[in-house]
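Along the sequence shown, residues are numbered consecutively beginning with 1. Every number for a ligand or one of its atoms is a count from 1 in the order of the listing.
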Amino acid sequence: PLKAFIFDLDGVITDTAEYHFLAWQALAQDLGITFTREDNEELKGVSRMDSLEKILELGGRTGDFTAEEKDALADKKNDHYLTLIQNITPADLLPAIKELITDIKAKGLKLGMASASKNAFTVMESLGMKSEFDIIVDAKTVVNGKPHPEVFLRAAEMLGVEPEACIGVEDAAAGVQAIKSAGMFAVAVGPKESFENADIVYASTAELSLERILEVYNA
Ligand code: G6P
Ligand code: MG
């Protein structure tokens, strides 16, 4: 039987993708690299350093920097991102998320977070959501990024439940892959064609409802 829900943060609980985009775009501009909103789609669920590598690749500049210089570039992007996310308030929860979380808790199910971001605690605090979750696993505490299942498996372990008793919720292809590799039931949010291996796909968070998810899960 179902015991827990494990949520991704960026793009599921709140839409930080625009802030990540603005911060990466400013950095890319400094480096003379064109970086579009479309390019940014590819970075959903991708770790900070892997994102930097992808942007440098776009500009054909992968070989131009030492490891130390790359760290400095990533730090610069993150400093900018941190100033942008200062604007986040509880009003920035995506549609239907608050209700879904309330319903999950009312059913006595556990609630965890598995985020690829090192800023997950900061964002959750700003959203007023930190204390709502039983556990939060962020990118600081895992070795392997999504699509590796580590972050979801760690979340299940911390919740004290088997992966098979968990439903994962994601907006990134890499994230859905991580959920499925962890042996969990996957709910995806986004365009249907992006999520071949998800168990249910919803076009937006507005369509999420516990009742509908459980109908499919229990079918
Ligand atoms: C999430 C976002 C990515 C971001 C990654 C790392 O997965 O979807 O766009 O690059 O987290 O975020 P961080 O806050 O650690 O730089
Ligand atoms: Mg995401």
With the threshold set at 4.0 Å, does a side-chain nitrogen-carboxylate oxygen contact exist between Asp199 and Lys180?
yes

Quick one: look at Leu43 and ligand 1, take heavy-atom pairs under 4.0 Å, and tell me if it's side chain, backbone, both or neither.
backbone

Quick one: nearest non-hydrogen protein atom to atom 6 (C) of ligand 1, plus distance?
Ala116 O, 3.4 Å

Under 4.0 Å from a heavy atom of Lys118: which atoms of ligand 1 are those, numbered in the order shown and with their elements?
13 (P), 14 (O), 15 (O)

Indicate yes or no: does Glu18 engage Arg37 in a salt bridge with an N to O separation below 4.0 Å.
yes

List the atom of Ala156, the atom of Ile6, and the distance in Å for their closest heavy-atom pair.
N-CD1, 3.8 Å

Considering only heavy atoms of Asn119, which atoms of ligand 1 have at least one such atom less than 4.0 Å away?
13 (P), 14 (O)

If we number the atoms of ligand 1 from 1 as shown, the ones under 4.0 Å from a heavy atom of Arg48 are 6 (C), 13 (P), 14 (O), 15 (O), 16 (O)

Could you tell me whether Ser117 and ligand 1 have an N or O pair separated by under 3.5 Å?
yes

Do Glu170 and Lys146 meet the salt-bridge criterion of a basic N to acidic O distance under 4.0 Å?
yes

With side-chain contact (heavy atoms from CB on, under 4.5 Å) as the test, pick out the partner of Met129 among Leu93, Ile97, Thr14.
Leu93

Ser47-ligand 1 polar pair, N/O distance under 3.5 Å
no

Under 4.0 Å from any heavy atom of Ser51, which atoms of ligand 1 are there?
10 (O)

Between Ile167 and Met158, is there a shared hydrophobic cluster once you connect ILVMFWY residues whose side-chain heavy atoms come closer than 4.5 Å?
no

At the Mg ion (ligand 2): angle between Asp171 atom OD1 and Asp10 atom O, to 10 degrees
90°

Membership question, hydrophobic clusters at under 4.5 Å side-chain separation (ILVMFWY): are Phe5 and Ile13 in the same one?
yes

For atom 1 (C) of ligand 1, what is the closest protein heavy atom, and at what distance to 0.1 Å?
Asp10 OD2, 3.3 Å

Among Asn40, Val46, Thr16, the residue with a heavy atom nearest to atom 3 (C) of ligand 1 is Val46

Nearest heavy-atom contact between Val169 and Ile179 is N-CD1, 3.8 Å

Looking only at N, O or S atoms in Asp8, which is nearest to the Mg ion (ligand 2)?
OD2

Answer yes or no for Ala139: is there a heavy-atom contact with ligand 1 below 4.0 Å?
no

Would Lys77 pass as a cation-pi partner of Tyr81, given that its NZ or CZ must be under 6.0 Å from the six-membered ring centre and within 45 degrees of the axis?
yes

Could you establish whether Gly11 and ligand 1 come within less than 4.0 Å of each other, counting only heavy atoms on the residue side?
no

Looking just at side-chain N and O atoms, do Asn119 and Thr122 make a donor-acceptor pair shorter than 3.5 Å?
no

Distance to 0.1 Å, residue and atom name: give those for the protein heavy atom nearest to atom 7 (O) of ligand 1.
Gly45 CA, 3.1 Å

